[in-house]
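For reference, the structure discussed in these notes is given below.
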Amino acid sequence: MSNFVFLQTAWPTLADLGALAESSLAAGPQTAAAALGAWVDVVTRCVLAYESTPEPVDGSERMRLNTLAAMGVVPSALLPLFHALRRNA
């Protein structure tokens with residue numbers, strides 16, 4: 001059972017991407033990191049929509065994360081991890 005199954009009801013795409021990352025770990029850490037990078041991308045888009053915040057002008061994942069961090073939505077402890085996953089996606 002996936003560690004992301006709790007997301008299945010409300011956020012099925014996030015649950016599926018999380019499960020994909022878990023199952024990809026056996027294929028290699030780069031594959032799992034790429035799946036987690038996609039997970040971060042979907043999370044930031046969902047949170048921006050939930051917060052009724054427009055997409056950044058340049059539409060980059062970096063700016064989405066920085067916008068959410070500036071709003072205090074992404075904890076500072078997670079921001080470097082999310083950026084690392086974004087770069088490996």
Side-chain angles (χ1 to χ4, degrees):
M1 174 165 306
S2 169
N3 289 307
F4 295 87
V5 72
F6 72 96
L7 296 170
Q8 192 63 50
T9 303
W11 305 99
T13 302
L14 292 176
D16 293 345
L17 284 171
L20 175 64
E22 287 176 327
S23 66
S24 299
L25 192 53
Q30 281 298 106
T31 305
L36 285 172
W39 188 85
V40 170
D41 180 63
V42 173
V43 166
T44 58
R45 290 174 189 272
C46 289
V47 172
L48 282 174
Y50 180 81
E51 295 289 331
S52 300
T53 303
E55 284 277 330
V57 175
D58 72 356
S60 72
E61 181 64 18
R62 180 183 59 80
M63 285 306 298
R64 281 193 289 277
L65 279 169
N66 290 340
T67 298
L68 292 174
M71 294 169 56
V73 176
V74 174
S76 59
L78 290 180
L79 189 61
L81 173 64
F82 283 178
H83 277 299
L85 290 169
R86 169 189 62 80
R87 286 188 296 268
N88 285 311

All side-chain contact (heavy atoms from CB on, under 4.5 Å) counterparts of [X], not counting sequence neighbours:
X	value
Leu25	Ala32
Arg62	Asp58, Ser60, Asn66, His83, Arg86
Ala21	Ala35, Leu36

Gap between atom [atom2] of [Y] and atom [atom1] of [X] - 0.5 Å precision:
X	Y	atom1	atom2	answer
Leu68	Glu51	CG	CD	7.5 Å
Leu48	Met63	CG	CE	10.5 Å
Trp39	Leu20	CH2	CG	13.5 Å

For residues 4-15, run the donor-acceptor check on the side chains, cut-off 3.5 Å, and write out each pair with its distance to 0.1 Å, sequence neighbours left out.
none

Check: Mind checking what makes salt bridge (Lys or Arg N to Asp or Glu O under 4.0 Å) contact with Asp16, not counting sequence neighbours?
Finding: none

Notebook entry, point to check: Among the clusters formed by ILVMFWY side chains lying less than 4.5 Å apart, do Met71 and Leu79 turn up in the same one?
Noted result: yes

Notebook entry, point to check: Run the side-chain contact (heavy atoms from CB on, under 4.5 Å) check on Leu81 and Val40 step by step: do they pass?
Noted result: CA-CA 10 Å; Leu81 173 64; Val40 170; over 6 Å; no

Margin query: Show the nearest heavy-atom pair for residues Val73 and Pro75, with the distance to one decimal.
Written below: O-CD, 3.5 Å

Check: If every non-hydrogen atom of Ser2 is compared with every non-hydrogen atom of Gly18, which pair is closest and at what distance?
Finding: OG-C, 4.5 Å

Check: With sequence neighbours left out, which residue pairs that include part of residues 17-41 fulfil the salt bridge (charged side-chain N to carboxylate O under 4.0 Å, His left out) condition?
Finding: Asp41-Arg45, Asp41-Arg64

